[in-house]
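Every chain is numbered from 1, with letters handed out A, B, ... down the list of sequences.
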2 protein chains.
Amino acid sequence: MISFEETIQKLRSEGFKLTPQRLAVIRYMLGNTEHPSALKIHKELRRRYPTLSFSTVYNTLGMLEKIAEVQSLHIFDDYLNYDPNIQPHIHLYCKGCGNIYDIMFEGRDDVVVPRNEIEGFLIDSIGLVMKGTCKHCR
Amino acid sequence: MISFEETIQKLRSEGFKLTPQRLAVIRYMLGNTEHPSALKIHKELRRRYPTLSFSTVYNTLGMLEKIAEVQSLHIFDDYLNYDPNIQPHIHLYCKGCGNIYDIMFEGRDDVVVPRNEIEGFLIDSIGLVMKGTCKHCR
DNA sequence: GTACTTGCAAACAGTTTGCATAGGC
DNA sequence: GCCTATGCAAACTGTTTGCAAGTAC
């Protein structure tokens, strides 16, 4: 998600209707670096849109994920987090403050993943999954 | 999970009882590089242990995870996979054959994560989450 | 006016739990 | 024999779906 206009444009061109609920989710996610859960998004937006339902939040996030304006993250066991940053990047979850920090590739073609420490962050566990095509299947 | 004896030893010393069901799960996981799901484990073992229940499979996997002889993996959206390899390593899931390949750190202190290709594997997406403690919380 | 979207409630699926019975030690 | 483990079924939880009413276009 780069800008409001670009996202709106893409939705229009794909035939999605611009409802107030969808626009609210889009505005909430734009530039949001907190990696909110669906619950958090729903709770926050409900203050201004009291009838906003969970299914609409999920529907909108699913729509944004389908047009690649948002990605869902499996950081915790029991729910998903959503990220408007769709560039390839790395997540550091701090067990102390609960923050989720981003490390970008920043134009580089690779990132060095250390076993112990990265940018002052002390690593307990590394979960790295890549999806794609193996050499036998190419 | 390095060996049968070492795992048995650890369970005994932690006060866990060695039931046929638990031994079956342990034998099934030992050296298994397929990253099976609980469903797969249950289905396979049920051929020899027709009354083996899902809850016992989950209970046993939970026990093995607690004593750090197994780790659970969030590779897919809808279920967990289990891995007896508890060394830090990387998973490559091939959309073609469905295999999950391991890349070990192999004594090194870091792994270079490229954006496009690794060991002949063509990368579509990278999911990397590290958990630990940030510099402010140390 | 015609779809598509919403909001509610019910369904869904993987995992977890409660409890009476079974069995390791 | 004691106490934990098992197996069944029911509960749980985040997410998804069905459908009547509402609304963007």
Side-chain angles (χ1 to χ4, degrees), chain A residues 7-29 35-67 70-83, chain B residues 7-28 35-67 69-83:
Chain A
T7 305
I8 295 305
Q9 203 61 33
K10 202 184 251 185
L11 286 179
R12 258 198 248 275
S13 73
E14 301 263 350
F16 290 105
K17 288 180 178 166
L18 301 175
T19 67
Q21 294 89 335
R22 288 176 173 176
L23 294 174
V25 172
I26 291 166
R27 281 201 202 87
Y28 183 76
M29 292 303 287
H35 313 82
S37 63
L39 178 67
K40 175 89 184 294
I41 298 167
H42 183 244
K43 194 185 283 177
E44 289 291 319
L45 291 178
R46 200 138 204 203
R47 300 189 311 184
R48 287 173 64 94
Y49 302 83
T51 68
L52 178 67
S53 69
F54 253 118
S55 44
T56 298
V57 171
Y58 277 113
N59 160 34
T60 303
L61 290 169
M63 174 191 75
L64 292 173
E65 196 170 11
K66 196 186 298 181
I67 63 166
V70 139
Q71 63 173 316
S72 60
L73 307 174
H74 258 307
I75 297 176
F76 305 109
D77 285 344
D78 36 6
Y79 58 87
L80 296 171
N81 294 74
Y82 290 89
D83 192 344
Chain B
T7 305
I8 295 305
Q9 203 62 33
K10 202 184 249 184
L11 286 178
R12 257 198 250 276
S13 74
E14 301 262 352
F16 290 106
K17 288 181 178 167
L18 302 176
T19 67
Q21 293 89 337
R22 286 177 174 175
L23 294 175
V25 172
I26 291 166
R27 281 202 202 87
Y28 184 77
H35 313 81
S37 64
L39 178 66
K40 177 87 184 297
I41 297 167
H42 183 243
K43 194 186 283 178
E44 289 290 320
L45 290 178
R46 200 137 203 206
R47 299 190 311 183
R48 287 174 64 94
Y49 301 83
T51 68
L52 179 67
S53 70
F54 253 120
S55 43
T56 297
V57 170
Y58 277 113
N59 160 33
T60 303
L61 290 169
M63 175 191 74
L64 292 173
E65 196 170 11
K66 196 185 297 181
I67 63 166
E69 289 292 313
V70 139
Q71 63 173 317
S72 61
L73 308 174
H74 253 143
I75 298 176
F76 305 109
D77 285 343
D78 37 5
Y79 57 88
L80 297 171
N81 294 73
Y82 291 89
D83 191 346

Problem set entry | B/Val57 and its side chain to side chain contact (heavy atoms under 4.5 Å, CB included) partner, picked from B/Lys40, B/Arg22, B/Gln21, B/His42 |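 That would be B/His42.
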
Rounding to a whole Å, what distance do you find between [X]:[atom1] and [N]:[atom2]?
| X | N | atom1 | atom2 | answer |
| --- | --- | --- | --- | --- |
| B/Asn59 | D/dC8 | CG | C1' | 14 Å |
| A/Phe76 | D/dT13 | CZ | P | 18 Å |
| B/Tyr58 | D/dC8 | OH | P | 16 Å |
| A/Asp77 | D/dT13 | CG | C1' | 13 Å |
| B/His74 | C/dG14 | NE2 | P | 13 Å |
| B/Phe54 | C/dA13 | CZ | C1' | 11 Å |
| A/Asp78 | D/dT15 | CG | P | 9 Å |
| A/Leu64 | C/dT5 | CG | C1' | 14 Å |

Exercise. When you measure from the side chain of A/Arg46, which nucleotide among C/dC8, D/dT15, D/dC25 comes out closest?
Worked result: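 From the listed options, C/dC8 comes nearest.
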
Problem set entry | Nearest listed nucleotide, side chain of B/Thr51, among D/dC25, C/dT15, D/dG7 |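 Per side-chain heavy atoms of B/Thr51, the pick is D/dG7.
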
Could you check if a side-chain atom of [X] sits within less than 4.5 angstrom of a side-chain atom of [Y], using non-hydrogen atoms only?
| X | Y | answer |
| --- | --- | --- |
| B/Tyr82 | B/Leu64 | no |
| B/Phe76 | B/Ser37 | no |
| A/Leu61 | A/Ile41 | yes |
| A/Leu11 | A/Met63 | yes |

Exercise. Is the base of D/dG7 touched by the side chain of B/Ser55 through a donor-acceptor pair closer than 3.5 angstrom?
Worked result: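 Flag set: donor-acceptor pair detected.
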
For this session: May I ask you to verify whether the side chain of A/Thr19 and the base of C/dC4 hold a donor-acceptor pair under 3.5 Å?
Result: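 Donor-acceptor pair under 3.5 Å: no.
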
For this session: Using only side-chain N and O atoms of A/Gln21, determine if any of them is under 4.0 Å from OP1 or OP2 of D/dT23.
Result: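 No, outside the criterion.
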
For this session: May I ask you to verify if any side-chain N or O of B/Arg22 is less than 4.0 angstrom from the OP1 or OP2 atom of D/dT6?
Result: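 For B/Arg22, the contact criterion (side-chain N or O under 4.0 Å from OP1 or OP2 of D/dT6) is met.
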
Exercise. Reckon B/Tyr79 touches a base, only the sugar-phosphate, or nothing at all at heavy-atom distances under 4.0 Å?
Worked result: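 Result for B/Tyr79 = sugar-phosphate.
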
Exercise. Looking for any heavy atom pair under 4.0 Å, which part of the strands does B/Leu52 touch: base, sugar-phosphate only, or nothing?
Worked result: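 Here B/Leu52 touches the backbone only, sparing every base.
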
Problem set entry | Given DNA chain D, 5'-ward residue of the pair B/Ser53 and B/Lys17, judged by closest heavy atom |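 Residue closer to the 5' terminus by nearest nucleotide: B/Lys17.
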
Problem set entry | Residue met sooner reading DNA chain C from 5', once B/Tyr82 and B/Pro20 are mapped to nucleotides |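 Whichever sits nearer the 5' end wins; that is B/Tyr82.
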
Exercise. Given that B/Phe16 and A/Thr56 both sit by DNA chain C, which one's nearest nucleotide is further toward the 5' end?
Worked result: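 Looking at the nearest nucleotide for each, A/Thr56 comes out on the 5' side.
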
